[in-house]
There are 2 protein chains.
Amino acid sequence: MQKHESTIVDIAKALNLSVATVSRALNDHPKISAATKIKVKEQANALEYRRNTLASGLRGSRTNNIGLIIPRVSMYFHAAAITAIQNKLHLQGYNLIIGQTNDAVEMEKQLASAMFSSRVDGLMVASTFYTTDFSHFDVFIRNNIPLVFFDRVPIDFYPAQVIKGDDYQGGFMATAHLAKAGCKTIAHLSGPLSCNLYKDRYAGYIDALRKYKLPFKKEWVFFNELTPENALLIAKQLFVKKPYPQGVFASNDTSAIVVLEYARALQLRIPAELKIVGYSNDPRTAIITPAITTIEQFPDKVGERAVAALLEIMNGARRKKDQVQTPIITAVELIRRASA
Amino acid sequence: MQKHESTIVDIAKALNLSVATVSRALNDHPKISAATKIKVKEQANALEYRRNTLASGLRGSRTNNIGLIIPRVSMYFHAAAITAIQNKLHLQGYNLIIGQTNDAVEMEKQLASAMFSSRVDGLMVASTFYTTDFSHFDVFIRNNIPLVFFDRVPIDFYPAQVIKGDDYQGGFMATAHLAKAGCKTIAHLSGPLSCNLYKDRYAGYIDALRKYKLPFKKEWVFFNELTPENALLIAKQLFVKKPYPQGVFASNDTSAIVVLEYARALQLRIPAELKIVGYSNDPRTAIITPAITTIEQFPDKVGERAVAALLEIMNGARRKKDQVQTPIITAVELIRRASA
DNA sequence: AAATTTTATGCAAACGTTTGAATTATTGGA
DNA sequence: TCCAATAATTCAAACGTTTGCATAAAATTT
């Protein structure tokens, strides 16, 4: 009796009912009498019954599991988004299955396949920096499994819903802020343009330069993956000979921090001689001296909107066509601090 | 034909084999001929077959899902641990299901129940600050589902494996470091003692005071939850009238940062007039001016050890009795920086 | 060539739940 | 009192795998 985990069959036997009735009672089916429902639920409690979601998923073809594929759990933006996503999904009775790609396309493929095998009811994806071919997600489309991309999304058309921050606007605002603060020359640390984030922020940068009639110099724009190591190499390059750029717009906060520390070590006065703007409002930017001006992306909002979109699709509230046509763009905000 | 997702039945039909043979072939059963295996696998590829893990889980009673219950994904330590955990589990073919308690006991109960219902093959838990009654995990014990606590673990005996950093030693090292640096009076921001972390760090603090023959003053010890807000209140209290404490050991980095910023605003010279040690090596501590001395907990190591322990239990490599008797304690390290 | 062992495959039940259709019990109306 | 309508319950199949046991085919021994 220790061995055996209780099932609806046990409940049925105990109450001399059929399993069908028990199943319906537990699911609050309208045709079951109130009295029976109560009896069944009491017996279920007494037996410590818990629905076997495998069995019910197999029969009913839903698992209540939502998959999430993400580059790295520990990056600030994503960690904050996950928090919001998980909280919201739990309210709706869904579990969240997380897979990390570590920004490797191959891993992304494996995870997509694993998520599909485990029959997630929906999938949320922030892709790697390098994913340009999204065909490993086709199987979700073909099988009509709701699919939502957020933050890191396909650049070319792909028939799935997209939720992202307004990176173009963010890039524009960051650059414009530097321009308005008087920078005549603004360098830009971008990431690989294969990623929509950097592509859009870069576009914003370019347009802001144009608007404020500032020169574009290709020696002052970089497209390496924005690791601390790369940022340091770039910083060395930027400040090897004068004139130095008067402003730096870094497309993530990690590299903004590296540049700031390097410039500080060079005794450059910030913001007097050099102004810096980062991206993401990483908690570190508020704490470093001087604090770094940056773009807030509201990761919790992005996460919540992504979940909301997924749920809408799952509930059929949104027509398939509409999903695909209209990316959802969430607002960003310039956080003014001492560095610019 | 769009409608229908392929199953082993389809493969069997296509090849004129029985489903049993197909199943065995896919699982590399020794009694299936090499030729058949190849045929089956080719056909499986051709049909884009993917095992239905619900069905196989239902029948075979394993799901390849591991549950993780954690206070908040976005806290540095936990985010880093999750990264390690997920990476390691994926290598073994497991999926990770994450639930966040937001440090609420009620949520922890709900999640434990949900994880059980979805038949995770094992569960990893970092409990809330306030969990003292762990009976909502009993169902895992009773059903013999591997259960591992890490970081935030039961204080009283509970029959499950435990993996944690050496908090006593960390508390001792932090305090001793301040003492050796010349602090005659050392305040301590602890968290609630219902949590093993704070209890052990506090014990280390006490013992270090004793060893260095420093006075213990109860006005200089605090047991509130270590939020920024609470830390600020405490800082105000600490520095309301002289003599100020010469050293502060904060049991997490967030509160160390708040204290440092408050003291800096008061124009206290750090480390000359006030020395500060935090706990966890949060990335912010390296970046603030002056950088904060802290205790590194190696979250990735903790995560990996926790997974290793879980896998050992699942593979039966470790006798049940041994699991429970011996908590696994991982080393911590003092990171010396400018603040002390 | 028959008997025996070995190797490969098939049969059918089982896992726990859900659900359309069928059946039984209850109620109300004439 | 009987019939019809409604409410409550049951039957049985289905979801896609896995697996013990039985069987068939091939290889080996006598």
Side-chain angles (χ1 to χ4, degrees), chain A residues 3-41 43-44 47-65 93 114 116-121 143 145, chain B residues 3-41 43-44 47-65 93 114 116-121 143 145:
Chain A
K3 219 56 268 179
H4 180 59
E5 202 162 296
S6 47
T7 71
I8 55 172
V9 178
D10 301 321
I11 300 178
K13 275 186 193 146
L15 296 175
N16 222 5
L17 287 171
S18 73
V19 290
T21 305
V22 173
S23 171
R24 292 197 167 96
L26 289 171
N27 290 316
D28 271 328
H29 187 103
K31 297 207 159 175
I32 299 297
S33 72
T36 312
K37 282 182 186 171
I38 292 174
K39 264 199 311 186
V40 167
K41 285 177 185 173
Q43 187 64 227
L47 294 179
E48 273 200 309
Y49 169 78
R50 284 177 176 85
R51 158 186 288 114
N52 184 327
T53 57
L54 294 178
S56 82
L58 176 58
R59 172 59 225 238
S61 63
R62 65 196 297 257
T63 60
N64 286 321
N65 289 153
F116 179 79
S117 289
S118 35
R119 298 299 192 277
V120 290
D121 290 340
N143 292 97
I145 299 168
Chain B
K3 219 57 268 178
H4 180 60
E5 201 161 296
S6 47
T7 71
I8 55 173
V9 178
D10 301 321
I11 300 178
K13 274 187 193 142
L15 296 175
N16 222 4
L17 286 171
S18 73
V19 289
T21 304
V22 172
S23 171
R24 291 195 170 100
L26 289 172
N27 290 315
D28 271 329
H29 186 105
K31 297 206 158 177
I32 300 295
S33 73
T36 312
K37 282 183 187 173
I38 291 173
K39 263 198 312 184
V40 168
K41 286 177 184 173
Q43 187 64 229
L47 294 179
E48 273 198 311
Y49 168 78
R50 284 176 177 86
R51 159 184 288 115
N52 184 325
T53 56
L54 294 178
S56 82
L58 177 58
R59 172 58 225 236
S61 66
R62 64 195 299 258
T63 59
N64 285 321
N65 289 153
F116 180 79
S117 289
S118 37
R119 298 303 192 272
V120 291
D121 290 342
N143 289 288
I145 299 168

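Here is the naming used below: chain letters follow the sequence lines, and residue numbers restart at 1 for every chain.
Residues satisfying the side chain to side chain contact (heavy atoms under 4.5 Å, CB included) test with A:Ala12, not counting sequence neighbours, are A:Val19, A:Val22. Every residue two or more places apart in sequence or in another chain that forms a side chain to side chain contact (heavy atoms under 4.5 Å, CB included) with A:Asp10 is listed here: A:His4, A:Ser6, A:Thr7, A:Leu47. A:Tyr49 meets the ring-ring contact (aromatic ring centres under 6.0 Å, His included) test with no other residue; sequence neighbours excluded. Qualifying salt bridge (Lys or Arg N to Asp or Glu O under 4.0 Å) partners for B:Arg50, counting only residues two or more places apart in sequence or in other chains: none. B:Asn64 meets the side chain to side chain contact (heavy atoms under 4.5 Å, CB included) test with B:Arg62, B:Tyr94, B:Asp121; sequence neighbours excluded. B:Thr53 meets the side-chain hydrogen bond (donor to acceptor under 3.5 Å, both in side chains) test with no other residue; sequence neighbours excluded. A:Lys37 is linked by a salt bridge (Lys or Arg N to Asp or Glu O under 4.0 Å) to A:Asp28, counting only residues two or more places apart in sequence or in another chain. Evaluation of the side chain to side chain contact (heavy atoms under 4.5 Å, CB included) rule for B:Ala20 yields B:Ser18, B:Arg24 as partners, not counting sequence neighbours.
Nucleotides of DNA chain C nearest to B:Gly60 and B:Thr36 differ in position, and the one nearer the 5' end is that of B:Thr36. Along DNA chain C, the nucleotide closest to B:Asn16 and the one closest to A:Tyr49 are compared, and the more 5′ of them pairs with B:Asn16.
When all heavy atoms of B:Thr63 and B:Ser118 are compared, the pair lying nearest together is CG2-O, 4.1 Å. The shortest non-hydrogen separation linking A:Leu15 to A:Val40 is CD1-CA, 3.8 Å.
In this structure, CG in B:Leu26 is found 10.0 Å from CD1 in B:Ile32, a value given to the nearest 0.5 Å.
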message = Run A:Phe116 and B:Glu48 through side chain to side chain contact (heavy atoms under 4.5 Å, CB included) and show every step you take.
response = CA-CA 11 Å; A:Phe116 179 79; B:Glu48 273 198 311; over 6 Å; no

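Within 4.0 Å (heavy atoms only), A:Leu54 reaches no atom of the nucleic acid at all. Among the heavy atoms of the strands lying under 4.0 Å from B:Ser33 are primed sugar atoms or P, OP1, OP2 only; no base atom is included. Counting non-hydrogen atoms under 4.0 angstrom, A:Ser56 reaches the backbone sugars and phosphates but no base.
The C1' atoms of five pairs define one axis at each end of the helix from C:dA1-D:dT30 to C:dA30-D:dT1, and these two axes lie 50° apart (to 10°).
The footprint of chain A on DNA chain D, defined by a heavy-atom cutoff below 4.0 Å, extends from D:dA8 to D:dG16.
A donor-acceptor pair shorter than 3.5 Å can be found between the side chains of A:Arg51 and A:Asn27.
A heavy atom closer than 4.0 Å to some atom of DNA chain D occurs in B:Thr7, B:Ile8, these being the qualifying members of residues 7-15 of chain B.
Between A:Arg62 and C:dT18 there is no side-chain polar atom (N or O) within less than 4.0 angstrom of OP1 or OP2.
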Report each atom pair, protein N/O against N/O of nucleotides 20-24 of chain C, whose distance is under 3.5 angstrom.
unit_1: C:dG20; atom_1: N7; unit_2: A:Arg24; atom_2: NH2; d: 3.1
unit_1: C:dG20; atom_1: O6; unit_2: A:Arg24; atom_2: NH1; d: 3.3
unit_1: C:dG20; atom_1: O6; unit_2: A:Arg24; atom_2: NH2; d: 2.7

